[in-house]
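Remarks on the structure that follows.
In what follows, chains are A, B, ... by sequence order, proteins preceding strands, each numbered from 1.
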Amino acid sequence: MTDATGTTETAAPDTAAASAPDRSGLYLVDGSGFIFRAFHALPMMTRPDGTPVNAVMGFSNMLLKLLADIKAEAVAVVFDSKRLNFRNEFYPDYKAHRPPPPEELVPQFALIREATEAFCLPCLELEGYEADDLIATYARLARDAGRAVTIVSSDKDLMQLVGPGIGMFDPMKNKAIGPDEVFEKFGVAPDKVVDVQALAGDSVDNVPGVPGIGVKTAAQLITEYGDLEGLLSNADKIKQPARRQKLIEFAEQARISRRLVLLDAFAPPPRPLEDLRVREPDHQKLIGFLKAQGFRSIVARVEMEMQRDGRIADGSASSGAASSGSAPGGAAPSPAAPSPTGDTAEAPAARTHALSDVEKRYELVQDLAALRVWIDRARTTGILAVDTETDSLTPATATLVGVSLATEPGLACYIPLAHGAGAAAAGQLDFDAPPPPAQIPVAEVMAALKGVLEDPAILKIGHNFKFDHQLFARNGVAVSPIDDSMLISYALEGGAHGHGMDELAELHLAYTPIPFKEICGTGKSQITFDKVPLDKALAYAAEDADITLRLWTLLKPRLVEARMVTVYETLDRPLVPVVADMERAGVRLDREALARLSQDLAVRLVEVEKDVHRHAGQSFNIGSPKQLGEVLFDVMKLGTGKKGKTGAYSTDSGVLEDLAEQGHVIAQRVLDWRQLAKLKSTYTDALQQKIEKDTGRVHTAFSLAATNTGRLSSTDPNLQNIPVRTEEGRKIRRAFVAAPGNKLLSIDYSQIELRLVAEMADIKALKDAFRDGLDIHAATAAQVFGVPLDQMTSDIRRKAKAINFGIIYGISGFGLSRQLGITPGEANTFIKAYLERFHELKVWMEATKAFARQHGYVVTLFGRRCYMPGIQDKNAARRSFAERQAINAPIQGTAADIMKRAMIRVPGALAAAGSNARMLLQVHDELLFEVPEAEAEQAAALVRGVMEGAAQLGVPLVAEAGIGDNWEEAH
DNA sequence: ATTGTCACG
DNA sequence: GACGTACGTGACAATG
C-alpha cells in the first residue's frame, strides 16, 4: 500500500509537486501516549500550589526541544477523546479493566492541553476515535500531499503506519523508529504488524489475540502464510496439533483483535490539514504559562533562544492567526469567542450546508490536463465521490457513458466518455447533426483514474456503489477502499425510510435533485444518457457526485454516534464488491427449454380457459379478479362471496380452494389456470427476455438497502422467487443450468431461523434438541404434545412444524388456526402448551416487544437496528402488526446478518483454496455456485465450512450441499 | 399509480 | 370488547 503516488504512467509531470513544493514535514505528537509515559518516567514534582506537574514538565520540555530541533512547517498534538470509541462497540472489553489514572495525573490532562495552546500548536481530538486513529488519518492526508510525516510517539500500536514518507520518533529515548526498528520489535514489515498483533494480543489494551501465541510465533506464522486471513483459512494445515486447535477455535477472536488494533485512517478530520501550519509562538503567553507552572529552567531556555534569534516577544502572530489560541490566562477555549478556524466541538449541523447555500462549481472535463487537476485534488483530500452514467440499468452489460467526481461539497466535475452527437437520437443518420463532442478516450480516462481508484489511501465514495463498482471492474479497475452513502443510511435507519439518493437529499439536505426524467424524459420518448447534451449531463451527473459527498459528510460521523460502525463495516460495506461480482457473473439459462415450456403452457392455458368458460356458461377474462368474482358469486351463486375492503369479491387461492373442496370443479380449474398463467408470464416468457445478448446469461440486481430486516432482495428479474414447490414449477428451475464443463452447487442453511429463536430466547430444551441433531419438528411435537418419538404421527409433527413457523412470524391464534384449518380456540391451546414447555420464549417475546415500544426499533444479534414505526400506533390492529414484526425482525435479520458474514468470507476462502467456483445467487438461506465439475465436491465442503462457521452460537449452524447440472438437481 | 394475486425464503 | 392478522420480499395483469 505504499507506492500509491506516481505509479500511473500518465502522471509524468506531477504538477502538484512541481508547482506547490510543499515537501516540509508534518509532526504529529501523540499527546495522550506521551502524558502517561512522562508521568511514569519522571520523578514527581509539584507546583507551588501543590498541583502535580511532572508530566506537564516533561511534555513542555519535549515540545520545546522538538520545535528547536526540527524544521517542521506543521505540528499538531493529538489526544484521545474522553468517551468510548468505536472499538468498544464491537468489543466492550477493549481497554476495559484499565485502572483509572493515578490521582496525581488527573489534573495534568487539562494542563497539557493548556501547554499545547501556549505553544500555539493545534490540539486535535475527535469523539469516538482514539488519538492513534487521528494520527493515522492526518499521516495519510499529509503523505498523499507529498509531505514527510513524523509521528512523535513510542507507542507500538502506531508502528503499523511506518512506511515510505512516514516515520516515527520516540521522544523519550530520543531515537527514530523506521521499518528496521519495527521489524526488530514485531519480526515483520510494518504492513503486517496488525496481523501479528491480532494473533499475539495485548494484555494492556485487553486485545485478546489467540491464547498461547506470542509475537515471535505470530511473526513466524504471518511470514509463512502472508496475512491473518491466509493463515486462518489454512489453519487446518498447521502441523503442531495444539497450535492448530487454538487457531481454529480462536479464529473469530483473532479477527476481532485485528480490528481492534487496526487504525482507522479515514476518521473525519476535525480540521483541515492546511490549518496545522506552525505559527510564530506568542512568547509572552508561553512564558506566562511556564512561569505559572514554576518551570524556571524552561523559561530561561525560552528567553535565551529568543535573544539568540533576535526575536522580540510582541505578539508577532498578528490578527487572524492569533485568534484561536490567544484567550488570556490559558483558559479552555472560550465558547463566547467563535473561532474562524473552527473548533472540534462545533455542532454537527454546521458541518454541512444546504445545497443552495454553497456555490456549485461544476466543471466539464474534456481533456487529460483538466482530468489531472481532479486527480491531484483527490490525492490532496484523500476523499473522492464517484458516480457513473450509463445507457442501461444492467451494469453487467451497460456501456459507460460518463464519470463524475466530487472532491469537496460544491466542487464536482463530469467526464463524458461516450456521448453521441446531440439530438441525433433514434440512430438515424443525420448529416446535419452536430459532431460528437470532444471526449477523452475511455481507455485513457481509466488509465489515469486507476491509480486513484485503487489507491488504498484514497477513499472512494458512491451512492449504491455496487453499480459503479461493477462498471469499473469491467474496465479493469478494482475500486478500493470504498464507502457507500446509501449503505451508511441503511445501517443508521433501516426500516425508517428509503435510502435512494433523491429521498435522502430531501430528508437531510432539504434539496430536490434534478429528476432523471427531466434529463432523459420518460416512457416511449425516453432517451439514453449518451444522447443527453453535455450541459445538461454536467448539471445532472456532477450534482449526483456532489450530493453523494454531502450525504457522506453528514452521515458518516453519525455511524459512530449511533454505534453502528460495526454493522456497516463488517456486514454491509464489504458486501459491495462481493455482490457486484455475483451480479456480473450472472446465471446461465437454457433458452430453448424455456421456450418449449412457454409453448406447452400456452397450449394448456387455452384448454383450461375453454373448460372454465364451459363451466361458467360464458366467456370472460379469468385474469380479472373482478370479472371472476362476478361470474363465481353473482352468476353461478357459489356460496356467498364478498370479502375485500374495497367491496370486491375475494378470489384468492384460499377462497378457491374452499370452493374446490365443496366439489365446484370450476374453482380447481381456475386455480390451475392461475398457476399456469403465473408460470408463463412471470417466468418462462419473462426470463427469456432477460437473457443478455453480450453474456448469454441473466444478471439480476440485488438490492442491499431495500428490506426492513437486513435481507437482500432481487430485482429485474427477481431470482429469489423461482418456483420450487410444485412439479410444474420445478420444470422452470431445470432451465437454470451450469456452463459446459461446470456444475451448479447449492448450499443452504438448515432451519437457521428456528435455531436463532433457540439461541436468542435461550430456550434450553430447544437448544439441546438442535445440539443432539434431532428432527426438530418431531422433537418439539414430542415435548409440547407429550407424544413419545416412536409414536409420532405425521399429523402431530405437521402441527408442531406449523407452530414452529408461527413463532418465527410472531404467532397469533388466528394465523395458526388458518394455517392448520382448526379453530382459533384450538390454536390458542396449542400456543399455550408451546409457551409453557418453552417458557423462556415468552420472556424473550415480551422483552423484545417492550424494547421495541421503548426505542422504536429492535436489534439483531449482530447489532443491526430494524425500525418499526407502527409500534406506538393507537390503532390496535396496526400495533399488533408492529408487535409481530418486532418478534420476526430480530430473527429474520440475524439470519440475514449471518448469511452476509458467510458471503463476505466465501470469495477469500475460495481464492485461498485455488478454487474456480463462482458465487452466483443468494436466496436468503441458500447460496448458488457455478463450479468446474472436477472441483465441485471440494468447493461444497469449503463453502459449507464457511457457512457453518459464520457465527459462533450456542446452537450449531448446519449447511447442506447439493450438486447437479441444473438448479433443481442441485437443490 | 394502486390493487389483487402468487412465486420464493 | 374490538380491531383483522401470521414475517419478509418483487412481478405481472387488471383497473382507475
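- A sub-4.0 Å separation between OP1 or OP2 of dG10(C) and a side-chain N or O of Ser713(A) is present.
- The base-pairing partner of dC3(C), taking Watson-Crick or G-U wobble contacts with both distances under 3.5 Å, does not exist among the strands shown.
- Between dC6(B) and dG1(C), the distance separating the two C1' atoms is 35 Å to the nearest Å.
- Distance noted for atom P between dT3(B) and dT5(C): 14 Å (whole Å).
- Look at OH on Tyr749(A): it is 15 Å from C1' on dG9(B), rounded to the nearest Å.
- A close approach under 4.0 Å does occur between a side-chain nitrogen or oxygen of Thr651(A) and OP1 or OP2 of dT5(B).
- Shown are Glu883(A), Arg878(A), Arg879(A); of these, the side-chain contact (heavy atoms from CB on, under 4.5 Å) with Ile871(A) is made only by Glu883(A).
- Summarising the geometry, the separation between CG on Asn804(A) and P on dA6(C) is reported as 20 Å, rounded to the nearest angstrom.
- Residues Gln819(A) and Tyr809(A) form no side-chain contact, since every pair of their non-hydrogen atoms from C-beta on lies 4.5 Å or further apart.
- Of the candidate nucleotides dT5(B), dG9(B), dG10(C), dG9(B) has the atom nearest to the side chain of Asp925(A).
- Using a 4.0 Å heavy-atom cutoff across all strands shown, Ser703(A) reaches no nucleic acid atom at all.
- A 4.5 Å side-chain heavy-atom check between Met636(A) and Val631(A) finds at least one atom pair inside the cut-off.
- Look at Ser653(A) and you'll find a side-chain N or O under 4.0 angstrom from OP1 or OP2 of dC6(B).
- Between the P atoms of dG4(B) and dG4(C), the separation comes to 15 Å (whole Å).
- When both pairing distances are held under 3.5 Å, dG4(B) makes a Watson-Crick or G-U pair with dC12(C).
- Ser681(A) comes within contact range of the sugar-phosphate backbone alone, with a heavy-atom separation under 4.0 Å but no base atom that close.
- Contact annotation for Ser624(A): backbone-only contact, meaning every heavy-atom pair under 4.0 Å involves sugar-phosphate atoms and none involves a base.
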Report the C-alpha distance between His613(A) and His615(A) in whole Å, list the side-chain angles of each, state the deciding distance to 0.1 Å, and finish with yes or no for ring-ring contact (aromatic ring centres under 6.0 Å, His included). CA-CA 5 Å; His613(A) 289 170; His615(A) 278 99; over 10 Å; no
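- Heavy atoms of Ala896(A) sit nowhere under 4.0 angstrom from any nucleic acid atom.
- Residue contacts for Asp716(A): at a heavy-atom cut-off of 4.0 Å it reaches the sugar-phosphate backbone alone, with no base atom in range.
- At the phosphate of dC7(C), OP1 or OP2 sits under 4.0 Å from a side-chain N or O atom of Arg884(A).
- For Gln675(A) and dC12(C), the CD to P distance is 18 Å, given to the nearest whole Å.
- One can place CG of Asp652(A) at 6 Å from P of dC6(B), the figure rounded to the nearest angstrom.
- Put simply, CD on Gln689(A) is 14 Å from C1' on dC12(C), counting in whole angstrom units.
- The pair Glu607(A)-Arg604(A) does not meet the salt-bridge criterion, since no charged nitrogen lies less than 4.0 angstrom from a carboxylate oxygen.
- In terms of phosphate contacts, Gln885(A) brings a side-chain nitrogen or oxygen within less than 4.0 Å of OP1 or OP2 of dG8(C).
- Looking at heavy-atom distances under 4.0 Å, Phe881(A) makes contact with sugar-phosphate atoms alone, never a base.
- Rounded to whole Å, the distance from NZ on Lys678(A) to C1' on dC8(B) is 10 Å.
- Within 6.0 Å of the NE2 atom in His497(A), the count of heavy atoms belonging to other residues, nucleotides or ligands exceeds 12.
- Out of dG10(C), dG9(B), dA6(C), the shortest distance to the side chain of Leu816(A) is found at dA6(C).
- Ring orientation note: the planes of Tyr857(A) and Phe851(A) are nearly perpendicular, at an angle over 60° on the 30°/60° scale.
- Counting non-hydrogen atoms under 4.0 angstrom, Ile811(A) reaches a base of the nucleic acid.
- Counting any heavy atom pair closer than 4.0 Å across all strands shown, Ile891(A) reaches no nucleic acid atom.
- Listed pair Arg674(A) / dC6(B) meets the phosphate criterion, a side-chain N or O lying under 4.0 Å from OP1 or OP2.
- Gly806(A) comes within contact range of at least one nucleobase, with a heavy-atom separation under 4.0 Å.
- Using a 4.0 Å heavy-atom cutoff across all strands shown, Gln892(A) reaches at least one base atom of the nucleic acid.
- Asn721(A) comes within contact range of at least one nucleobase, with a heavy-atom separation under 4.0 Å.
- Out of dG8(C), dA2(C), dT15(C), the shortest distance to the side chain of Gln627(A) is found at dT15(C).
- For the C1' atom pair drawn from dT5(B) and dC3(C), the interatomic distance equals 25 Å after rounding to whole Å.
- Among the nucleotides dC7(C), dG10(C), dG4(C), the one closest to any side-chain atom of Ser880(A) is dG4(C).
- At whole-Å resolution of the value, CG in Leu687(A) and C1' in dC8(B) are 13 Å apart.
- Nearest to the side chain of Arg733(A), among dG4(B), dC8(B), dG8(C), sits dC8(B).
- The one candidate from Glu583(A), His699(A), Arg584(A) that meets the side chain to side chain donor-acceptor pair (under 3.5 Å) condition with Gln470(A) is Glu583(A).
- Note on Asn708(A): a side-chain N or O is less than 4.0 Å away from OP1 or OP2 of dT9(C).
- Heavy atoms of Ala882(A) sit nowhere under 4.0 angstrom from any nucleic acid atom.
- OP1 or OP2 of dA14(C) has at least one side-chain nitrogen or oxygen of Asn621(A) nearer than 4.0 Å.
- Between Arg725(A) atom CZ and dC8(B) atom P there is a gap of 5 Å when expressed in whole angstrom units.
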